Protein chains: 4
Amino acid sequence: MARPVHRSLKEKQRQEREELILQVVEEVLLERGYRDTSMEEIATRVGIAKGTLYLHFTKKEDLMFAFFEREMQKILSAIEQPFPANMSAQAKLESIVRSMHNDPSGKRGDLLYILFHSEDFKIILQQKSATTLTRISDTVLLYLEEGKARHEFDPHIPTVIMLNSFFSVLSPRAHRRLLQSGEYSHEEIMRYVQRIYFRGIGGHIS
Amino acid sequence: MARPVHRSLKEKQRQEREELILQVVEEVLLERGYRDTSMEEIATRVGIAKGTLYLHFTKKEDLMFAFFEREMQKILSAIEQPFPANMSAQAKLESIVRSMHNDPSGKRGDLLYILFHSEDFKIILQQKSATTLTRISDTVLLYLEEGKARHEFDPHIPTVIMLNSFFSVLSPRAHRRLLQSGEYSHEEIMRYVQRIYFRGIGGHIS
Amino acid sequence: MARPVHRSLKEKQRQEREELILQVVEEVLLERGYRDTSMEEIATRVGIAKGTLYLHFTKKEDLMFAFFEREMQKILSAIEQPFPANMSAQAKLESIVRSMHNDPSGKRGDLLYILFHSEDFKIILQQKSATTLTRISDTVLLYLEEGKARHEFDPHIPTVIMLNSFFSVLSPRAHRRLLQSGEYSHEEIMRYVQRIYFRGIGGHIS
Amino acid sequence: MARPVHRSLKEKQRQEREELILQVVEEVLLERGYRDTSMEEIATRVGIAKGTLYLHFTKKEDLMFAFFEREMQKILSAIEQPFPANMSAQAKLESIVRSMHNDPSGKRGDLLYILFHSEDFKIILQQKSATTLTRISDTVLLYLEEGKARHEFDPHIPTVIMLNSFFSVLSPRAHRRLLQSGEYSHEEIMRYVQRIYFRGIGGHIS
DNA sequence: CATGAATGAGCGTTCATTCAT
DNA sequence: TATGAATGAACGCTCATTCAT
């Protein structure tokens with residue numbers, strides 16, 4: 001029976017197209033922001049009709065959420081690799097920070113910034129309760145607790161507060177403006193910020 | 001002469017109304033976000049006609065900026081009080097943090113969050129070059145440098161990076177979600193977060 | 001009894017104010033055109049409140065019509081002076097043309113142009129059937145017929161058509177653009193245009 | 001291949017619709033004038049939604065300008081036909097006058113009148129610098145000069161003044177009111193007015 | 001499957017007019 | 001009589017979503 005083959009061919013094409021769409025979303029999102037990214041423009045840049053876009057994603061929200069998930073997945077897959085057992089918790093977390101910042105386009109910070117702060121998108125996030133996001137968060141939490149157990153970090157500070165601060169200071173978007181000023185390189189900024197954070201939670205400073 | 005009295009009465013009423021409008025703005029802004037806050041809805045909730053709103057504020061932008069400025073002024077006036085000369089830089093900064101968090105509604109964090117990240121509002125901020133915002137930032141910068149001079153803080157960390165991190169971790173909006181979870185009180189959260197920050201920049205931990 | 005005196009005093013003040021208002025109308029009309037002349041702006045420039053304007057003129061239309069009538073009255077009073085009996089019809093008409101063009105501000109052409117062609121104002125004219133306008137028109141008609149009787153003008157051309165053409169070519173507004181180009185002076189333009197018109201209806205050319 | 005056929009079908013329908021829209025514009029423009037012609041009303045009368053109107057014309061201005069241009073093009077195409085070499089300049093100009101007046105609806109005069117004198121539309125005309133309008137004007141200018149060269153017209157009268165008077169007296173809108181009175185037919189009026197004009201500039205009277 | 005024309009609710013803004021003071 | 005704050009209908013324009021082809 002040829003059907004399955006065809007179907008998977010179609011399916012493959014479908015996925016390729018969705019991938020293409022999401023790439024275009026990234027592009028337009030960076031140029032225009034969430035609200036001013038119109039379905040029309042995305043479709044046009046992809047080279048398909050507006051209606052076709054709706055065959056892949058039922059609503060604008062869905063499209064954006066799909067894009068968001070893909071980005072989070074990239075971070076997650078970089079994060080969930082097993083670390084050597086004897087690696088310190090801080091080293092693991094530093095590796096995670098690097099993963100969060102190292103994306104090919106170098107624009108992930110901006111993208112997450114746009115999405116996290118779009119008024120429209122926040123609603124979606126609440127509705128869809130992004131599991132990927134949770135898994136990233138859980139991974140960090142795990143290593144923070146590990147660090148506390150190993151006496152690397154101050155056990156008196158609640159882990160969830162450490163966690164929250166972790167994302168506040170170390171997420172790519174926190175230091176956008178400073179980076180744009182050009183005074184310091186991305187690496188310099190991150191080095192200093194990590195020093196503040198890890199010393200802050202009681203870690204050793206390299 | 002009754003005139004001046006009348007006028008100041010009118011003027012007083014006018015200010016009271018503007019105050020009322022700004023309160024409603026706060027309310028709607030929290031519920032709907034910047035873009036979905038319509039002039040119509042604000043007017044209706046205040047109990048006036050749309051046109052009346054425009055007697056007080058020429059454009060939606062102006063209304064929003066007025067609201068923003070009022071919030072920033074509240075913070076600034078709390079911040080710019082002179083401190084005793086022998087007070088440590090850290091104590092001064094901790095006092096500033098308290099000022100930033102202590103607002104009656106307890107929602108200032110959310111509000112600034114909404115405004116700072118609205119795609120539309122960012123443009124206004126750039127156009128109007130918010131001086132109040134700059135003055136707040138400058139005040140913090142001043143004490144950070146003072147702290148470095150006094151060897152309270154690590155002189156190897158660039159002050160602008162300390163400043164950026166200050167607002168990243170210590171601004172009211174940074175720990176919104178954690179606060180909403182209800183696990184820790186506002187005071188507890190802030191105590192721990194300050195501990196992380198000040199120890200991070202090399203300060204003494206109380 | 002002092003009453004009548006007071007009343008006429010009041011009445012006098014009232015008329016003076018109305019005169020002032022109409023002067024301001026002229027000013028604003030020239031700057032902004034009919035539609036963009038707002039009641040607010042008129043009131044402000046006069047130095048009174050918007051509501052006061054409405055005590056003098058019930059509607060914007062009424063105000064504008066009053067202004068229009070005043071202008072037409074000025075033309076009419078210049079026109080209805082008796083001419084010497086032996087004066088030729090053409091000379092009388094040429095005198096009328098001069099009256100229509102010679103106003104102190106030199107802007108009457110523009111004003112009538114604005115009013116005659118405002119979409120809003122046309123409706124008013126139809127409703128109010130301006131009698132002053134009719135009397136001006138009748139005066140011209142009279143001299144055109146006189147001219148035909150005296151064999152100055154071609155008796156084969158219907159007088160109403162002569163009349164219509166009179167206002168088409170000779171009214172101040174007909175040659176605005178040409179005048180603005182600066183190539184010819186007002187006097188030159190009018191001399192040539194009158195030559196065309198009077199020769200056209202069979203008159204002698206001076 | 002069905003595509004090209006389909007496309008031209010669509011394209012045809014599109015043009016038909018635009019034609020329909022422009023017809024409705026004519027209708028509403030005559031009833032309401034420029035400013036009071038709302039996009040909503042046009043759409044409703046055409047039987048489409050407001051948004052659909054904007055698929056054809058980006059702005060109200062564009063729609064109105066398109067309508068204006070179409071009218072001017074009709075006149076221009078009627079005017080730019082080559083005339084026999086031995087035809088007199090006056091005969092050519094009379095032919096042009098006929099072209100300007102002969103439209104099926106008989107309302108072109110009113111329409112151009114409305115557009116030319118709308119405060120809003122004047123601005124558009126200046127921005128778009130209507131070339132069609134210029135070409136019509138230039139064509140008339142050409143024949144006026146030809147007439148002067150051939151001693152048909154008075155060489156002492158500046159051509160631009162002749163030109164200006166041409167449009168003042170002979171344009172369809174100049175004698176609207178007279179026509180509406182019903183006393184004379186369109187043909188009669190134009191015959192007399194042309195007699196006045198051409199005799200006025202020194203032409204022979206047929 | 002793919003299209004893109006069509007929809008229409010919704011927005012910010014203006015201004016002639018009214019009316020309580 | 002004079003004020004000017006208040007009104008609210010009306011406008012041009014946008015864009016996510018639908019659906020006949």
Side-chain angles (χ1 to χ4, degrees), chain A residues 10 13-14 17 35-44 47-63 120, chain B residues 3 6-7 9-10 13-14 17 35-44 46-63 120, chain C residues 10 13-14 17 35-44 47-64 120, chain D residues 2-3 6-7 9-10 13-14 17 35-44 46-63 120:
Chain A
K10 288 258 172 176
Q13 283 180 350
R14 184 184 168 82
R17 178 133 73 182
R35 197 83 167 225
D36 292 332
T37 292
S38 74
M39 296 299 268
E40 178 82 55
E41 175 145 22
I42 293 168
T44 306
I48 59 176
K50 222 191 315 187
T52 312
L53 211 49
Y54 280 85
L55 294 178
H56 291 267
F57 304 96
T58 324
K59 308 166 120 265
K60 187 183 180 185
E61 288 183 351
D62 289 356
L63 169 56
D120 295 9
Chain B
R3 270 298 172 74
H6 272 180
R7 213 175 270 160
L9 244 175
K10 288 258 172 175
Q13 283 179 352
R14 184 187 169 82
R17 171 111 72 157
R35 196 96 162 217
D36 289 331
T37 293
S38 75
M39 296 299 268
E40 179 84 58
E41 174 146 21
I42 293 168
T44 306
V46 173
I48 57 177
K50 220 189 322 186
T52 312
L53 213 49
Y54 282 87
L55 293 180
H56 293 266
F57 303 95
T58 322
K59 306 164 120 259
K60 186 185 179 183
E61 286 186 354
D62 289 358
L63 170 55
D120 294 15
Chain C
K10 288 256 172 178
Q13 283 179 351
R14 185 185 168 82
R17 177 131 75 181
R35 196 83 167 225
D36 291 333
T37 292
S38 74
M39 297 300 269
E40 178 81 57
E41 174 145 22
I42 293 168
T44 306
I48 59 176
K50 222 190 316 186
T52 312
L53 211 49
Y54 279 86
L55 293 179
H56 290 267
F57 304 95
T58 324
K59 306 167 120 263
K60 186 183 180 184
E61 288 183 352
D62 288 356
L63 169 56
M64 292 304 185
D120 295 11
Chain D
R3 271 297 172 75
H6 272 180
R7 212 174 270 161
L9 243 175
K10 287 256 172 179
Q13 283 179 351
R14 184 186 169 83
R17 172 113 70 158
R35 198 96 162 217
D36 290 332
T37 293
S38 76
M39 295 300 268
E40 179 84 56
E41 174 145 20
I42 293 169
T44 306
V46 173
I48 57 177
K50 218 190 324 186
T52 313
L53 212 49
Y54 283 87
L55 294 179
H56 292 267
F57 303 95
T58 322
K59 307 163 121 259
K60 187 185 179 184
E61 286 185 354
D62 289 357
L63 170 55
D120 294 14

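Here is the naming used below: chain letters follow the sequence lines, and residue numbers restart at 1 for every chain. Values in this document were obtained by computation on a predicted structure and should not be read as measured data.
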Applying a 4.0 Å non-hydrogen cut-off, can you work out what [X] is touching in the nucleic acid: base, sugar-phosphate, or nothing?
X: C/Arg17; value: sugar-phosphate
X: C/Thr37; value: sugar-phosphate
X: C/Thr52; value: base
X: A/Thr44; value: nothing

Expressed in angstrom and rounded to an integer, what is the separation of [X] atom [atom1] from [N] atom [atom2]?
X: A/Gln13; N: E/dA2; atom1: CD; atom2: P; answer: 9 Å
X: D/Leu53; N: F/dT14; atom1: CG; atom2: C1'; answer: 14 Å
X: D/Arg35; N: E/dT14; atom1: CZ; atom2: P; answer: 13 Å
X: D/Asp36; N: F/dA9; atom1: CG; atom2: C1'; answer: 13 Å
X: C/Ile48; N: F/dT1; atom1: CD1; atom2: C1'; answer: 12 Å

Nearest-nucleotide pick for [X], side chain only, options being [options]:
X: C/Leu55; options: E/dA16, F/dA16, F/dT3; result: F/dT3
X: A/Ala49; options: F/dT7, E/dT7, E/dT3; result: E/dT3
X: D/Tyr54; options: F/dT3, F/dC13, F/dT17; result: F/dC13
X: C/Ser38; options: E/dG8, E/dA16, E/dT13; result: E/dA16

First of A/Glu61 and D/Glu61 reached from the 5' end of DNA chain F, by closest nucleotide: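 Nearest nucleotide further toward 5': that of D/Glu61.
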Is a donor-acceptor pair below 3.5 Å formed from side chain B/Lys50 to base E/dT13, judging by atom type as modelled?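 In this structure, the two groups form a donor-acceptor pair.
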Reading DNA chain F 5' to 3', how would its secondary structure be written in dot-bracket notation, given Watson-Crick and G-U pairs with both distances under 3.5 Å, brackets [ ] for crossing pairs and | for partners on other strands? .||||||||||||||||||||
Do you know which two heavy atoms are closest between A/Met39 and A/Tyr54, and how far apart they sit?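 Distance-wise, the nearest heavy atoms are CG-OH, 3.5 Å.
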Heavy-atom side-chain contact between A/Arg35 and B/Asp120 under 4.5 Å: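 They are not in contact (no side-chain heavy atoms under 4.5 Å apart), so the answer is no.
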